[in-house]
Amino acid sequence: MHPSLSAAIAIASLAVAQPVESQNVPPPAPPQLSYADLADLAIEAPIVAHLRIRGTDTLDEVEAPNVAPGFRRFLVEAEVVALIRGEGGLAPRVSYLVDLANDSRGHAARLRRRDEVLVLARRVPDRPAELRLVAPDAQLPYAPATAERLRAVLRDAAAAGAPPRITGIGRAFHVPGSLPGESETQIFLQTADNRPISLSILRRPGQRPRWSVALSEIVDEAAAPPAPDTLLWYRLACTLPARLPQQSLSEAGADEARAIRSDYRVVIDGLGPCARTRAVR
């Protein structure tokens, strides 16, 4: 047995203390994760690190009794190549547990010494050199492009004025214009930190509907919709429901409600789908 394994087994129950159903869902291995996949992982991870594997041990059924069928649990020891995110720094060497799917012949996955990976994790309390992955599939093969995409997500999330997490949809209002076919709809969103966000949809005769998003109480009619694969796009596309909730229309008459629903559809279609490839979230 690896000299550090006995100590690691003592904390294994802590390191896999997440519910079994979320810890052991078989993770697929897509060739490239989408922006939404990476944002889901990165935003929730206090630690994002580029590691080089120094050694692994496969835990047996006694040491890892709650591993899903078709998977093996590994104790991984690795050296830190680069810390992408991690307030307070990180020990030069770290260890963590990861569940990996067996190959098509039922053999355990192979983690080779000096393989490089990206991990998105939390610290294990009172154990500065031990990590807990934020999701079962939060160990990723290292690639410079993946690392740079993670850095971009984290830079945007840490920037001043970064769009907050959306928690719901508030009231919606519709105002007809002075000309036939002219109107404006405003939809207010609810956020985790109570910062204002609103959607505005403008219709003008002979023109396609235009919509924009305001991150303050000031609406800029010339603003463009958020570009795909940006943090603001992610906050909207991956959170807004497909249909406007009925309570948002409580102050609207029947005709206004139909117009608001139609304008909300303009926003949803403009954002496009929140593409995710991960089976584990």
Side-chain angles (χ1 to χ4, degrees), residues 1-20 22-25 27 29 33 37-68 71-101 108-144 146-151 153-155 157-158 278 280:
M1 181 178 289
H2 192 283
S4 66
L5 182 56
S6 59
I9 298 306
I11 59 91
S13 60
L14 174 62
V16 294
Q18 302 176 49
V20 171
S22 64
Q23 182 75 1
N24 293 308
V25 177
L33 296 179
D37 291 326
L38 293 177
D40 288 341
L41 290 169
I43 290 172
E44 297 301 320
I47 300 292
V48 181
H50 173 193
L51 306 179
R52 182 178 294 115
I53 293 174
R54 303 298 299 176
T56 64
D57 276 300
T58 306
L59 277 61
D60 61 28
E61 294 180 357
V62 175
E63 297 161 337
N66 58 345
V67 177
F71 281 70
R72 305 283 178 90
R73 180 164 296 159
F74 295 85
L75 170 67
V76 179
E77 292 192 350
E79 63 185 12
V80 178
V81 178
L83 185 59
I84 297 173
R85 180 187 194 181
E87 185 176 351
L90 196 61
R93 286 201 178 192
V94 295
S95 62
Y96 59 94
L97 301 176
V98 63
D99 293 355
L100 298 177
R110 295 183 66 185
L111 285 173
R112 297 177 177 85
R113 180 181 173 85
R114 301 195 68 78
D115 278 355
E116 296 186 14
V117 296
L118 294 162
V119 298
L120 301 99
R122 298 182 178 91
R123 291 179 172 86
V124 174
D126 301 319
R127 296 179 181 272
E130 293 168 10
L131 302 175
R132 180 188 300 126
L133 300 181
V134 297
D137 58 345
Q139 174 187 274
L140 310 177
Y142 174 77
T146 305
E148 184 51 41
R149 294 171 74 206
L150 285 170
R151 287 188 179 94
V153 171
L154 294 171
R155 280 196 302 267
R278 295 172 58 231
V280 182

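Computed over heavy atoms, backbone and side chain alike; hydrogens, waters and symmetry mates excluded.
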For Arg110, all residues meeting side-chain contact (heavy atoms from CB on, under 4.5 Å), sequence neighbours excluded:
Arg112

Enumerate the residue pairs fulfilling ring-ring contact (aromatic ring centres under 6.0 Å, His included) with a member in residues 42-63, sequence neighbours excluded, ordered by first and then second residue.
His50-Tyr142

Can you give me the closest heavy-atom contact between Leu90 and Ala49, atom names plus distance?
CD2-CB, 4.3 Å

Does Arg73 reach the side chain of Asn66, with side-chain heavy atoms less than 4.5 Å apart?
yes

Please confirm whether the backbone N or O of Ala42 pairs with a side-chain atom of Arg85, one donor and one acceptor, at under 3.5 Å?
yes

Measure the CZ-CD distance between Arg93 and Glu130 for me, rounded to the nearest 0.5 Å.
14.5 Å

Arg72: which residues meet the side-chain contact (heavy atoms from CB on, under 4.5 Å) condition with it, sequence neighbours left out?
Thr58, Phe74, Asn102, Ala108

Could you tell me the separation between the CG atom of Leu111 and the CG atom of Leu75, rounded to the nearest 0.5 Å?
11.0 Å

Exercise: identify the closest heavy-atom pair between Ala147 and Ile84:
CB-CD1, 4.3 Å

Straight-line distance of Leu154 CG to Ile43 CD1, nearest 0.5 Å
8.0 Å

Straight-line distance of Leu131 CG to Arg122 CZ, nearest 0.5 Å:
11.5 Å

Which residues satisfy the side-chain contact (heavy atoms from CB on, under 4.5 Å) test with Val117, sequence neighbours excluded?
Leu51, Ile53, Tyr96, Val119, Gln139

Tell me the closest heavy-atom pair linking Ala121 and Pro46, and the distance in Å.
O-CD, 3.2 Å

Test of understanding: with side-chain hydrogen bond (donor to acceptor under 3.5 Å, both in side chains), list the residues that count as partners of Arg155, not counting sequence neighbours.
Glu148

To the nearest 0.5 Å, what is the distance between CG on Asp137 and CG on Leu41?
6.0 Å

Of all heavy-atom pairs linking Ala64 and Leu59, the shortest is CB-CB, 4.0 Å

Excluding sequence neighbours, so at least two apart, what forms side-chain contact (heavy atoms from CB on, under 4.5 Å) with Ala45?
Val48, Leu120, Val134

Listed partners of Arg54 passing salt bridge (Lys or Arg N to Asp or Glu O under 4.0 Å), at least two apart
Glu79

